[in-house]
Amino acid sequence: MSFPLLTATAALPAIGAIATAAVPAARRTAAKWLALLFSLGTLVLAAVVFLRFEPGGDRYQLTESRAWIADFGVRYELGVDGIGVALLGLTALLIPFVIVAAWHDADPLETKSTRWRPTQGFFALILMVEAMVILSFVATDVFLFYILFEAMLIPMYFLIGGFGDRAHAGSDESAATQRSYAAVKFLLYNLAGGLIMLAAVIGLYVVAGSFSLSEIAEARANGSLEMATSIERWLFLGFFFAFAVKAPLWPLHTWLPNAMGEATAPVAVLITAIVDKVGTFAMLRFCLGLFPEASKWATPVVITLALISIVYGALLAVGQRDIKRLIAYASISHFGFIVLGIFAMTSQGQSGATLYMVNHGISTAALLLVAGFLITRRGSRLIADYGGVQKVAPVLAGTFLIGGLATLSLPGLAPFVSEFLVLVGTFSAYPVAGIIATSGIVLAALYVLVLYQRTMTGPVQESVRSMPDLRARELAVAVPLIAVLIFLGVFPKPLTEVVNPAVEHTMSDVQKKDPQPEVEAAK
């Protein structure tokens, strides 16, 4: 029996969460270091998974299968493909930076209306989210995936509602109220999507007689599984609705700005750079893999929603006065690009969408975490409260600028490659949609550069005159993320050669081929 590497990769942060939570209350620093060590251990195991994965091998590798709930046909079944291994690597890479950036975010703070914050619980919840997200990327049993899809909401709810941003204008009571509102809205939206998905999961089992992706694919291949068109479409809608909420896709996006605005910057990274990727990943694995005909049927509507997300999110980002809400609306626009690439149904589009998931995670983490350092120093999220920061904290301003330029997909930085592939893949199949999507690039340049201009340039405001530059711990977060953005921007091959074979499998599932360019014969 081979070593269960995928289980070990997900189990290590779960064990770390339990160990961190068990550290005595007085030893907060020990709890932080323990959480960091477990996250680094998970990163090592994720690197082993990446190295052992063979891009030209079987579709699902490092597979594990055990009986779980035999009476209902549920199995503990794991396997990783090229898309899953890329996102697993993203998750394992970002969590150590999230922990280091959040080093003091849950330190005890007592005022008239706030009690001592349980530091150990904060870092334990982060590790628990990591464990669930990693398992969701490798689960090949639909019911197992559903359990993880829903269970990760619990630690995220407490991270948003219980450990909110301290840089909040207004009284402690109003801040607590807004945190609670954001956490409950996040939970209700995602629970609603999950309940609809549960009905679709049950319907899938009734039709297919199995929750296993491999068994369903085999039954479809040998002709023993025939799904009526109407049933397939209803099941697709049940799955897609839940994933669109998580993604977040317009008009199911409204929970995201509240959640990111009220959460600490590291938790906001956890939301948009890691947890939300489960939604777009699941569109590729489950919507296109299980319901190919329904996916093609829904493509015009989904592309329309993606285009609205791109333009709408970017326009609202331009008009924001809150730094974190601006980044939240920018993320809605970027998720529109990801969904557009998935449903363009071209190899370039889907490869670009997968790379976009990874590159957006890294670029948003860099921008958000540096923004968090800035907000912590000034104690305000409002753009108007800043000005001239680059004169007093040039390193902070420089890293903020690079994170912003990556967000607008500047050539030479990682998101450019993915956005370019998405647009090329979209243009080849849906030229009008590609033209509309390019407006998101122009608007991205506007909101990023205006944000930088208003916060970092101009006269130095009195409130930022004594602002310190980035410290060693903060540099340890920002510099490696920027280095990864530059490396993948000039040399994306390590990701593309892993992702492309998995995309070919997805294209085969939906029986689509790339459009061939029309070339006029020479006269």
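Throughout, residue positions are numbered sequentially from 1 according to the sequence presented.
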Over 12 foreign heavy atoms within 6.0 Å of CZ, F420: no
From CG (L237) to CZ (R233), nearest 0.5 Å: 9.5 Å
Full working for side-chain hydrogen bond (donor to acceptor under 3.5 Å, both in side chains) between E419 and Y356: CA-CA 7 Å; E419 193 167 278; Y356 215 132; 2.6 Å; yes
Parallel, tilted or perpendicular, as decided by the 30° and 60° cut-offs, for the rings of F236 and F291: perpendicular
Heavy-atom check, side chain of T63 versus side chain of L78, under 4.5 Å: no
Parallel, tilted or perpendicular: rings of F281 and F137 (30°, 60°): perpendicular
Residue pairs fulfilling side-chain hydrogen bond (donor to acceptor under 3.5 Å, both in side chains) with at least one residue in residues 136-162, sequence neighbours excluded: none
side-chain hydrogen bond (donor to acceptor under 3.5 Å, both in side chains) between T7 and Y76, intermediate numbers included: CA-CA 10 Å; T7 295; Y76 176 78; 2.7 Å; yes
Inter- and intrachain pairs under side-chain hydrogen bond (donor to acceptor under 3.5 Å, both in side chains), touching residues 80-97, at least two apart: D81-R285
W297 CH2: over 12 foreign heavy atoms closer than 6.0 Å: yes
Derivation of the side-chain hydrogen bond (donor to acceptor under 3.5 Å, both in side chains) call for S363 and T407: CA-CA 6 Å; S363 62; T407 299; 4.6 Å; no
Can you give me every donor-acceptor pair (side chain of residues 211-218, partner residue at least two apart or in another chain, under 3.5 Å) with its distance?
unit_1	atom_1	unit_2	atom_2	d
S212	OG	E77	OE1	2.6
S212	OG	S214	N	3.4
S212	OG	S214	OG	2.9
S212	OG	E215	N	3.4
E215	OE1	S210	OG	2.7

